[in-house]
2 protein chains.
Amino acid sequence: MGKPHEERKEEIIKKTLELAAEEGVTRLTTQAIADRVGIAQSTIFKHFKTRDAIFSAAINWISGQIFRLLEETSRESTSPREQLQYLINRHLTLMSRHRGLPRLLFSDRLHLESPHLKKTVQQVMARYMTLVSDIIREGIEEDQFRNDVDPEETARCFVALLQGLILRWSIFDFSFPIEKEGEALWRFLWSSLAPHQEEDRDSL
Amino acid sequence: MGKPHEERKEEIIKKTLELAAEEGVTRLTTQAIADRVGIAQSTIFKHFKTRDAIFSAAINWISGQIFRLLEETSRESTSPREQLQYLINRHLTLMSRHRGLPRLLFSDRLHLESPHLKKTVQQVMARYMTLVSDIIREGIEEDQFRNDVDPEETARCFVALLQGLILRWSIFDFSFPIEKEGEALWRFLWSSLAPHQEEDRDSL
DNA sequence: ACGGTAAGTGATTAATTACTCACCCATATT
DNA sequence: AATATGGGTGAGTAATTAATCACTTACCGT
């Protein structure tokens, strides 16, 4: 009886994310997590020293997923335009598959309770924006994007668009398909990135 | 001794918002609020029946502020373009002046603890997007904006941009001047709304 | 067979926290 | 002068919850 340490650890993290999506971070007690996993409350502490360690592990898991996503994107040798589209789609799919992520990321418990976790989140965001601005700069050099946009500024807007969309989705209880909204987001982004002669083609 | 009911009520709400900005929603206990106001913890309950009633009042206050902002914007008889700029500036100034607002609005305690408050927030967002799409539609009709953008879609992106920016600002602990970022946001938005012949003028 | 280790449990504890209650006291009303 | 009222208080309560602990049980290598 009893699963091995690493396996149960993963299970606890996953169930924690599930619970965060359904009940919100406030209801995320060790008792609730234990119930969901199907073990006693005290058993939680065989695998995590403190409750915050669970959150920490969850955030690190999320960071890992997003870093993987970023690496895969930059490994793709497709055009800058397709890289951005790929990034939007994959990002939204990731959030769609694990709805607890936005709830956790947006909760203040993370940022204010432990400075270390806050730094992790900030680092992920910073690296994210760096990659996006690199892609945009490349697109400008290759004459695929207009040359009068500022790459850093546009990258910040890119991330803001994504986060804002996810936030609205979360506030409206995941009640609309977010992948579809991603397409609208891309259309909007493209209308600001596209060189002028190409626009007629894409406006329909 | 003792301020009149309505006055103290307002004071509690204001101090609650202050605390939310500094300490986060998690630390927002009745004790902390009472300390900040300078009264005993039990006195809080002379003015609010429950702790949630304080949150409720705070959210309603926020909603009021934003509704006022929206009404003022539509009352302005300036061009659609200036209306959008005005809305961005005023919105960011409001958030800048009361940093507790984003913390409260993004906290899950609001949406998940009480369905009523969630509805309030959703209604504000819905009305916000309606107004923005109206402005955009008007701008298209007056040939100030390109005619191949979808007003509703663009309005959703407008709100996402704002929310995303505020979220990043909140995650980075209000460490950069948000009004300045608002200008970048407008530049980005305008590059997607501007008719083509006008662009050369504004690109610098 | 045996001893060690790792996962699991129930009972308990200490701290936090929303909320109540009996009681004060100043001011306004009668 | 008597009294009612409203803002204020300190002490206390019940509930929640993270964390501990003594103990059990299953499994593994020797």
Side-chain angles (χ1 to χ4, degrees), chain A residues 1-20 22-59 103-104 107-110 112-117, chain B residues 1-20 22-59 103-104 107-110 112-117:
Chain A
M1 208 209 282
K3 299 187 181 176
H5 183 57
E6 288 305 322
E7 197 175 326
R8 188 117 277 179
K9 226 171 158 178
E10 274 235 15
E11 195 185 356
I12 291 175
I13 293 173
K14 292 288 173 61
K15 299 290 184 181
T16 298
L17 286 172
E18 273 181 41
L19 266 176
E22 295 168 21
E23 309 267 351
V25 183
T26 313
R27 301 274 166 82
L28 219 50
T29 66
T30 55
Q31 184 67 61
I33 298 171
D35 287 350
R36 173 67 64 113
V37 177
I39 55 180
Q41 183 247 358
S42 57
T43 309
I44 294 282
F45 294 92
K46 292 285 182 197
H47 302 283
F48 292 95
K49 203 160 186 346
T50 66
R51 174 168 156 277
D52 277 349
I54 304 176
F55 290 129
S56 188
I59 285 296
R103 284 272 154 81
L104 256 188
S107 89
D108 59 2
R109 192 160 294 209
L110 268 182
L112 296 155
E113 304 266 309
S114 95
H116 180 260
L117 289 185
Chain B
M1 207 208 284
K3 300 186 181 176
H5 183 58
E6 286 306 320
E7 197 174 326
R8 189 116 275 179
K9 225 171 157 178
E10 272 233 18
E11 196 185 356
I12 291 175
I13 293 174
K14 291 288 172 61
K15 300 288 184 183
T16 298
L17 285 172
E18 273 182 41
L19 267 177
E22 294 168 22
E23 309 266 352
V25 184
T26 313
R27 301 274 166 83
L28 219 51
T29 65
T30 55
Q31 183 67 61
I33 297 170
D35 287 350
R36 173 66 64 113
V37 176
I39 54 179
Q41 184 242 4
S42 56
T43 311
I44 294 282
F45 293 94
K46 292 283 185 195
H47 302 282
F48 291 95
K49 203 158 185 347
T50 67
R51 175 169 155 276
D52 277 349
I54 304 175
F55 290 132
S56 187
I59 285 294
R103 284 272 155 80
L104 256 189
S107 88
D108 58 2
R109 192 161 293 210
L110 269 181
L112 296 155
E113 304 267 306
S114 93
H116 180 259
L117 288 185

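The chains referred to below are lettered A, B, ... by the order of the sequence lines, with proteins before strands, and numbering in each begins at 1.
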Which whole-number value in Å describes the distance from [X] [atom1] to [N] [atom2]?
X: A:Lys9; N: C:dA6; atom1: NZ; atom2: C1'; result: 14 Å
X: A:Arg51; N: D:dT20; atom1: CZ; atom2: C1'; result: 17 Å
X: A:Gln31; N: C:dG10; atom1: CD; atom2: C1'; result: 12 Å
X: B:Ile33; N: C:dT17; atom1: CD1; atom2: P; result: 12 Å
X: A:Phe48; N: D:dA18; atom1: CZ; atom2: C1'; result: 15 Å
X: B:Arg27; N: C:dT16; atom1: CZ; atom2: P; result: 11 Å
X: B:Lys3; N: D:dT5; atom1: NZ; atom2: P; result: 25 Å
X: B:Asp35; N: C:dA18; atom1: CG; atom2: C1'; result: 15 Å

task: Can you sort out which residues in residues 38-47 of chain B have a heavy atom within less than 4.0 Å of DNA chain D? Ascending by number, please.
output: B:Ile39, B:Ala40, B:Ser42, B:Thr43, B:Lys46, B:His47
query: Hey, is the main chain of A:Leu104 close enough, under 3.5 Å, to the side chain of A:Ser107 for a donor-acceptor pair?
result: yes
N/O donor-acceptor pairs under 3.5 Å from side chains in residues 35-44 of chain B, not counting sequence neighbours:
| unit_1 | atom_1 | unit_2 | atom_2 | d |
| --- | --- | --- | --- | --- |
| B:Asp35 | OD1 | B:Gln31 | NE2 | 3.0 |
| B:Arg36 | NH1 | B:Glu18 | OE1 | 2.8 |
| B:Arg36 | NH2 | B:Glu22 | OE1 | 2.7 |
| B:Gln41 | NE2 | B:Thr30 | OG1 | 3.0 |
| B:Thr43 | OG1 | B:Ala40 | O | 3.4 |

- line: Across all chains, not counting sequence neighbours, the side-chain hydrogen bond (donor to acceptor under 3.5 Å, both in side chains) partners of A:Arg8 are A:Glu11
- prompt: To the nearest 0.5 Å, how far apart are CD1 in B:Ile12 and NZ in B:Lys9?
  reply: 9.5 Å
- prompt: If you measure from NE2 on B:His116 to CD1 on B:Ile59, what distance do you get to the nearest 0.5 Å?
  reply: 11.5 Å
query: Which salt bridge (charged side-chain N to carboxylate O under 4.0 Å, His left out) pairs, counting each pair once, include a residue from residues 37-48 of chain A, with sequence neighbours left out?
result: none
